[in-house]
Amino acid sequence: NLGAVGFGLGFRQLETKQAFYLMGGTIIASGVFTFFINIKGHAGLISGEDSEEAIAAYKKTAGGAPAQTLQVPEPDVEAVKEIEKAESEAGSEAEFKEFLGNLKK
């Protein structure tokens, strides 16, 4: 962020008290400047009115998305059987431990 770099340079180059004054003044000034932000078609913080398009868009999305019930998928029985068959063909846990024991020798 540009602010982090700027404040980092301020703390590196200035004394601590001056750096805090710089940071505090910048934050206060940016807070004051927000009152003067005007976006075309939208009301500002102090004055102005929303355009018809902005009001229509707000009313369209104000209710949020329609509620939907979460559906948990059912497991695929055939896929489960195939996985279990492949595991049984691959060997048992005892065979795996025996294999690991042979590797250590």
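If you read the sequence from its start, that first residue is 1, and numbering goes on from there. What you see is a predicted model; the values in this text were computed from it and never measured. What you see below is based on every heavy atom in this structure, not just the backbone, and it leaves out hydrogens, waters and symmetry mates.
Listed here is the closest heavy atom pair of Ala19 and Gly10: CB-O, 3.7 Å. Residues Gly48 and Ala43 come closest through the heavy atom pair O-CB, 3.6 Å. Between Leu45 and Thr34, the shortest heavy-atom contact is CD1-O, 3.6 Å. The two residues Ala54 and Asp50 come nearest to each other via the heavy atoms CB-CB, 4.3 Å. Contact record, Thr16 with Phe11: O-CE2, 4.3 Å, taken as the closest heavy-atom pair.
Under a cut-off of 6.0 angstrom, the local environment of CD1 in Ile39 is sparse, with at most 12 non-hydrogen atoms contributed by other residues, nucleotides or ligands. Within a 6.0 Å sphere centred on CD of Glu49, other residues, nucleotides and ligands contribute 12 heavy atoms or fewer.
For the pair Val80/Val77, no side-chain contact is recorded, criterion being any heavy-atom separation below 4.5 Å from C-beta on.
Residues passing the side-chain contact (heavy atoms from CB on, under 4.5 Å) test with Asn38: none are found, sequence neighbours excluded. Remark: Asn1 engages Ala4 in a side-chain contact (heavy atoms from CB on, under 4.5 Å) (not counting sequence neighbours).
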* Does the side chain to side chain contact (heavy atoms under 4.5 Å, CB included) test come out yes or no for Thr26 and Phe7, once each step is laid out? -> CA-CA 10 Å; Thr26 305; Phe7 292 142; 4.1 Å; yes
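Under the 4.5 Å side-chain heavy-atom criterion for grouping Ile, Leu, Val, Met, Phe, Trp and Tyr, Leu9 is not connected to Met23 through any hydrophobic cluster.
The distance from the NZ atom of Lys17 to the CG atom of Leu22 is 14.5 Å, given to the nearest 0.5 Å.
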